[in-house]
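Have a look at the structure below before the remarks.
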Amino acid sequence: MNSEPLLDQIVRQIEGAQRILIFSHVRPDGDAVGSALGLMWLLRARGKAAELSFEDPVPMTLRFLPGAEEIENRPLDGHDLILAVDGSDAERYGAHFSAARVSGVLVICIDHHKTNTRFAALNWVDGRYAATAEMLYHLARHAGWSIDERAAHCLATGCVTDTNAFSTGHTTPEVLETVADLTRHGAALSTIIYYTMHLRTQADAMLWGRVLSTLRVERGVAWALNRLADRQEVGAQEEDGGGLVTFLVDIIGVNVAILFNEVDGQTTRLSMRSAGGYDVSNLALAFGGGGHAQAAGATLNLPLEEAVARVIPQAAAIARASTPAH
Ligand code: 5GP
Ligand code: MN
């Protein structure tokens, strides 16, 4: 992947900075947390003062990562470089980022979403990478930085979660080689997979039952409702229900799966997955969101039932019209 001049530029900016603030996206997932923390440990090993800013808290199942307890919703405050990782547009990084990006401090974005809007002054965006964490591994190798055990553990986590434990179509030989090398540097793969893929709260398991009882499958589309009242009754959080939409897209005959998450009476968050050859990223973009061909999302200012009525006909068109590549 021929991005050497850009990587040189990024390395130069990082080496010239002293206090670096790293942002990642709202509702952080394994690649957001793993990339930001991995980068923090890489930079600290270079003698930099690196801090993290996330608008939303770290999910329970990612708190095993070293440094997770340092993640805060913090503003720019005397930092001389801003790094934004794994979010495809400026809005995804939250309010402190919106303020920070107009401060005059240089912003560099490193991201693997093909829907990335190139909102930063320097953008290293490459949709061929399976995870942003994989890009950061290559940045470290390119720069000749040492990768300590903590950085390795965090970066491997991003690669594991964004490939759904090496099961998605974008699980390339390169990402497998990256993770193999990260395990040589101290990443503990079995621990990562246990925490990110298997561990769940009792409330989460109860929520699965509620959500699956709303399942509908029609015209190649599977969808289900994650209702606020159900979450309240079982004591689940909005972050619970992870993995549900992936479960839905695995139903035989389903090409598009959508989980409708009721945020409040006027807001519904879509979480979408598609089978190989079917692309949900444009549907997400059309509703103001983004993502990848096989995993995308958006937030709609519509009540749950209205969101379903708006989205399902378009999802059905995608599930019907596309020609699967494999
Ligand atoms: P998830 O369904 O796991 O929440 O999200 C799947 C993918 O879609 C992730 O790559 C995530 O970054 C992207 N995504 C989800 N919601 C949004 C959104 O509101 N805006 C953008 N730009 N991307 C989103
Ligand atoms: Mn990612």
Side-chain angles (χ1 to χ4, degrees), residues 23-39 54-56 59 61-62 84-94 97 109-119 124-137 154-164 168-172 175 178 196-197 211 222-224 226 237-249 256-261 263 267-274 279-302 307 311 315:
F23 285 90
S24 192
H25 59 78
V26 292
R27 297 181 40 77
D29 59 10
D31 196 23
V33 178
S35 291
L37 282 172
L39 185 54
F54 281 58
E55 185 158 281
D56 292 330
T61 55
L62 292 168
V85 296
D86 197 45
S88 57
D89 59 57
E91 289 66 40
R92 271 188 67 72
Y93 293 89
F97 182 76
C109 174
I110 301 174
D111 179 37
H112 72 128
H113 289 90
K114 67 171 187 163
T115 58
N116 188 290
T117 59
R118 271 85 176 164
F119 58 87
W124 180 30
V125 176
D126 195 330
R128 292 170 297 183
Y129 286 97
T132 298
E134 185 190 8
M135 299 176 76
L136 296 171
Y137 165 83
C154 295
L155 294 177
T157 296
C159 296
V160 166
T161 58
D162 262 23
T163 60
N164 199 28
T168 61
H170 60 248
T171 307
T172 57
V175 73
T178 294
T196 61
M197 297 290 133
V211 173
W223 74 95
N226 179 354
Q237 309 297 314
E238 214 213 314
E239 72 190 44
D240 288 326
L244 250 165
V245 71
T246 308
F247 179 84
L248 300 185
V249 81
V256 173
I258 305 180
L259 182 62
F260 290 88
N261 300 283
V263 179
T267 317
T268 305
R269 192 174 53 76
L270 307 182
S271 185
M272 305 195 282
R273 298 291 183 273
S274 64
D279 187 338
V280 285
S281 67
N282 291 325
L283 183 57
L285 266 181
F287 285 108
H292 309 285
Q294 255 77 66
T299 298
L300 278 61
N301 294 320
L302 288 175
V311 173

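Just so we're clear, the structure is a prediction, and the values are computed from it rather than from any experiment. Both counts, for ligands and for their atoms, begin at 1 and track the order of listing.
- The atom name of the N/O/S atom in Asp162 closest to the Mn ion (ligand 2) is OD2.
- Polar contact check, Ser271 against ligand 1: a nitrogen or oxygen pair lies under 3.5 Å apart.
- Tyr93 and Phe119 have tilted rings, their planes meeting at an angle from 30° to 60° on a 0 to 90° scale.
- Considering CG of Leu244 and CZ of Arg273, their distance stands at 10.5 Å, rounded to 0.5 Å.
- In terms of N/O distances under 3.5 Å, ligand 1 is approached by Gly290.
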Output, in order, the C-alpha distance, side-chain angles, deciding distance and verdict of side-chain contact (heavy atoms from CB on, under 4.5 Å) for His112 and Asp31.
CA-CA 10 Å; His112 72 128; Asp31 196 23; 3.4 Å; yes
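- Contact annotation: for His113 versus ligand 1, heavy atoms closer than 4.0 Å belong to the side chain alone.
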With side-chain contact (heavy atoms from CB on, under 4.5 Å) as the test, would you mind laying out the steps for Leu270 and Phe260 before giving the verdict?
CA-CA 5 Å; Leu270 307 182; Phe260 290 88; 3.4 Å; yes
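- For the residues Gly297, Gly243, Ala257, the heavy atom positioned nearest atom 16 (N) of ligand 1 is part of Gly297.
- Contact annotation: Asp29 has no heavy atom less than 4.0 Å from any atom of ligand 1.
- Among all heavy-atom pairs drawn from Asp29 and Asp162, the shortest one is OD2-OD1, 4.1 Å.
- A donor-acceptor pair is defined here as one N or O able to donate and one able to accept, closer than 3.5 Å; such a pair exists between the side chain of Asn261 and the backbone of Arg269.
- Residue Arg273 places at least one N or O, backbone or side chain, under 3.5 Å from an N or O of ligand 1.
- Residue Arg92 has at least one nitrogen or oxygen atom sitting less than 3.5 Å from a nitrogen or oxygen atom of ligand 1, judged on distance alone.
- Here the closest heavy-atom approach between residue Leu300 and residue Ala307 is recorded as CD2-CB, 4.1 Å.
- Of the polar atoms of Ser88, at least one N or O is found under 3.5 Å from an N or O of ligand 1, judged by distance alone.
- Among heteroatoms of the N, O or S kind in Asp86, OD1 lies nearest the Mn ion (ligand 2).
- Using a 4.0 Å cut-off between heavy atoms, Leu270 makes no contact with ligand 1 at all.
- Looking only at heavy atoms of the protein, atom 7 (C) of ligand 1 is closest to Ala295 O, 3.4 Å.
- For the pair His292 and His113, the minimum side-chain heavy-atom distance is below 4.5 Å.
- In Asp31, the N, O or S atom that comes nearest to the Mn ion (ligand 2) is OD2.
- Taking backbone and side chain together, His112 holds an N, O or S atom under 2.8 Å from the Mn ion (ligand 2).
- For the atom pair CG of Asn226 and CG of Asp240, the computed distance is 8.5 Å after rounding to the nearest 0.5 Å.
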